[in-house]
Amino acid sequence: MFGWLKSDPVKKLRKAYDLKQEQAMHAQRNGDMRLYADLTAESEDIWQQIQQLEKPAAHS
């Protein structure tokens with residue numbers, strides 16, 4: 001009945017993924033390759049979580 005009040009975890013993860021990607025881009029532009037690599041790895045972890053959450057929805 002109140003499903004619209006429930007937060008969407010995929011939406012929240014996509015927002016976090018986009019933020020990490022943007023931070024990584026700025027780190028790369030500033031020449032901080034170590035920070036860029038760390039942020040890229042974190043964004044890949046978030047992407048894997050998104051894929052896992054979307055996988056059951058695709059099979060339904």
Subject >> Contacts of R34 that satisfy side chain to side chain contact (heavy atoms under 4.5 Å, CB included) - sequence neighbours left out >> reply: D32, D38
Original post:
Just how far is it from atom CG of L19 to atom CD1 of I46, taken to the nearest 0.5 Å?
Top reply: 8.0 Å
**OP:** Please name all residues satisfying side chain to side chain contact (heavy atoms under 4.5 Å, CB included) with Q49, sequence neighbours left out, ordered by chain then number.
**Re:** L13
Original post:
For Q48, what residues pass the side chain to side chain contact (heavy atoms under 4.5 Å, CB included) criterion, not counting sequence neighbours?
Top reply: none
**OP:** Name all pairs fulfilling the side chain to side chain donor-acceptor pair (under 3.5 Å) condition that reach into residues 19-28, sequence neighbours left out, sorted by first residue then second.
**Re:** Y17-Q21, K20-E42, Q21-S43
Original post:
L35: which other cluster members, linking ILVMFWY side chains closer than 4.5 Å, directly or transitively?
Top reply: L39
**OP:** With rounding to the nearest 0.5 Å, note down the distance linking CE in M33 to OG1 in T40.
**Re:** 9.0 Å
Subject >> Closest contact, heavy atoms only, A24 versus Y36 >> reply: O-CD1, 3.1 Å
Subject >> Set of residues satisfying side chain to side chain contact (heavy atoms under 4.5 Å, CB included) with respect to N30, sequence neighbours excluded >> reply: none
